[in-house]
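Read the structure below first, then the notes.
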Amino acid sequence: MTTLELLDPSIGFVQEEIDSSIDLHAEIDRLRREKNAVLLAHYYQEPEIQDLADYIGDSLGLARQAAETEADIIVFAGVHFMAETAKIVNPTKKVLLPDLNAGCSLADSCPADEFARFVDAHPGHTVISYINCTAATKALTDIIVTSSNAKHIIGQIPADQPIIFAPDRNLGRYLAKESGREDMVIWDGVCIVHETFSEKKLIGLKARHPGAPVLAHPECEEAILRHADFIGSTTAIRRQASENSATTFIVATEEGILHQMQKDNPDKTFIAAPPESGCACNQCPHMRLNTVEKLYLCLKHEAPEITMPEETRLRALKPIERMLEMSVGVS
Ligand code: 13P
Ligand code: SF4
């Protein structure tokens, strides 16, 4: 069977029976060396994938790695907009995503045609979009930001210059408050994972662990951020866990991040902030579509691959380049 036949576009990942005697970790290692491939993974991937990665990071770190890599193939263990960003900055390289269905509720909440009408309705505004959006939405944007550099970049926009921020309303409101830009026009999108945390349960957890700092991602709702001792990107949250002398922490973001925090600090305790119901809703269902099996098959067959029209890529590249220029020194 050819790779094309194995990759039914309506399924979105390579389907092939894997011999149970195969050591998948060793095979992934062999294939990436043979093919000069690099494996980039986001903190929200399952721990087994994080441990296989050449680089683990937040959205800004991953975009920088993708821009700088000398590998011929980038395998992205993350979601579609992240792999797309890697392709935008690296058109000559093959960019692979183990499962093309690994989307993002924020990116889905901002379809490019609707966003184009929104932008047209607000002439004269600088359009700032969170990196969690599609290439087509990026193509309508002036500057891309991530949760690491958004405050820093917005601080460089003249105070009298009106701003549109998309697609995350929680991050937008947080940034508007932090930067004193209360007139920021904000698109009404939300992350299904970060809206899941229960304020009532968080208050209960804080009562049971007095003194445990609450570390929260700015995609969380305001009701959760109100209780946070520290707000930052996944990389900033990870760093804070090591730098803060507390021994117990409550963490309000996708629970995959706890893996690195625990590895960095084996003697500290990390408690995932509880979701509203008893579900595992604090695990991103999109990120978790990537599995070690799909990763192996993706490297083996070099599919599925990220592609996009060159015109869209070129238009989406400009706001990403502006982001990289405007966030020199941000880590
Ligand atoms: P960062 O990795 O930039 O903190 O963003 C979190 C996220 O939700 C990625 O989808
Ligand atoms: Fe998108 Fe939220 Fe998943 Fe991040 S955690 S990829 S913002 S749905």
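Both backbone and side-chain heavy atoms feed into the values below; hydrogens, waters and symmetry mates do not. Counting starts at 1 for both ligands and their atoms, following the listed order.
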**Item:** For Leu106, atoms of ligand 2 separated by under 4.0 Å from a heavy atom
**Value:** 7 (S)
**Prompt:** Given that the side chain starts at C-beta and the backbone is N, CA, C, O, which of these parts of His286 lies under 4.0 Å from ligand 2, counting heavy atoms, or is it both or neither?
**Reply:** side chain
**Prompt:** For Thr146, is at least one N or O under 3.5 Å away from an N or O on ligand 1?
**Reply:** no
**Fill in**
shortest atom 2 (O) of ligand 1-to-protein heavy-atom contact is with His42 NE2, 2.6 Å
**Asked** How does Tyr43 reach ligand 1, if at all, at less than 4.0 Å between non-hydrogen atoms: by side chain, backbone, both, or neither?
**Response** neither
**Asked** Among protein heavy atoms, which sits nearest to atom 2 (Fe) of ligand 2, and what does the distance come to when rounded to 0.1 Å?
**Response** Cys191 SG, 2.3 Å
**Prompt:** Is Ser147 in contact with ligand 1, taking contact as a heavy-atom separation below 4.0 Å?
**Reply:** yes
**Request:** Give a yes/no verdict on whether any heavy atom in Met82 is under 4.0 Å from an atom of ligand 1.
**Result:** yes
**Prompt:** Going by the order shown, which atoms of ligand 2 are within less than 4.0 Å of some heavy atom of Ser105?
**Reply:** 1 (Fe), 8 (S)
**Message:** Can you give me the closest heavy-atom contact between His80 and Leu97, atom names plus distance?
**Reply:** CA-CD2, 3.7 Å
**Asked** Do other residues, nucleotides or ligands put more than 12 heavy atoms under 6.0 Å from the CD atom of Glu311?
**Response** no
**Prompt:** Would a 4.5 Å heavy-atom cut-off, applied to side chains only, mark Glu222 and Lys177 as touching?
**Reply:** yes
**Request:** Distance to 0.1 Å, residue and atom name: give those for the protein heavy atom nearest to atom 3 (Fe) of ligand 2.
**Result:** Cys284 SG, 2.4 Å
**Prompt:** Has Lys263 got more than 12 heavy atoms of other residues, nucleotides or ligands less than 6.0 Å from its NZ?
**Reply:** yes
**Nearest heavy-atom neighbours spanning Gln262 and Lys268** = NE2-O, 2.8 Å
**Distance flag, aromatic centroids of Phe118 and Trp187, threshold under 6.0 Å** = yes
**Message:** Side chains of Lys318 and Arg322, heavy atoms from C-beta outward: is any pair under 4.5 Å?
**Reply:** no
**Item:** Numbering as shown, the atoms of ligand 1 that approach Tyr130 to under 4.0 Å (heavy-atom distance)
**Value:** 5 (O)
**Prompt:** How are the rings of Tyr44 and His194 set relative to one another: parallel (under 30°), tilted (30 to 60°) or perpendicular (over 60°)?
**Reply:** tilted
**Asked** Which atoms from ligand 1 have a heavy atom of Asn132 less than 4.0 Å away?
**Response** 8 (O), 9 (C), 10 (O)
**Message:** Under 2.8 Å from atom 3 (Fe) of ligand 2 - does any N, O or S atom of Cys104 fall there?
**Reply:** no
**Prompt:** Between Thr196, Leu171, Asn132, Ile192, which one has a non-hydrogen atom sitting closest to atom 7 (S) of ligand 2?
**Reply:** Asn132
**Message:** Would you say that Asp113 contacts Phe115 through its side chain, given a criterion of any heavy-atom pair below 4.5 Å between the two side chains?
**Reply:** no
**Fill in**
Per-atom filter on ligand 1: closer than 4.0 angstrom to a heavy atom of Asp58 are 1 (P), 2 (O), 3 (O)
**Message:** With heavy-atom distances below 4.0 Å as the criterion, list the atoms of ligand 1 near Ser233.
**Reply:** 4 (O)
**Message:** Please determine whether the number of non-hydrogen atoms from other residues, nucleotides or ligands lying under 6.0 Å from atom CD of Glu34 exceeds 12.
**Reply:** yes
**Item:** Numbered atoms of ligand 1 (with element) below 4.0 Å of His217, judged on heavy atoms
**Value:** 1 (P), 4 (O), 5 (O), 6 (C)
**Request:** Compute the shortest N/O to N/O distance between Glu219 and ligand 1 and return yes if it is under 3.5 Å, no if not.
**Result:** yes
**Request:** Check the pair Asp58, Ser233 against side chain to side chain donor-acceptor pair (under 3.5 Å), reporting the backbone distance first and the verdict last.
**Result:** CA-CA 7 Å; Asp58 68 358; Ser233 71; 3.3 Å; yes
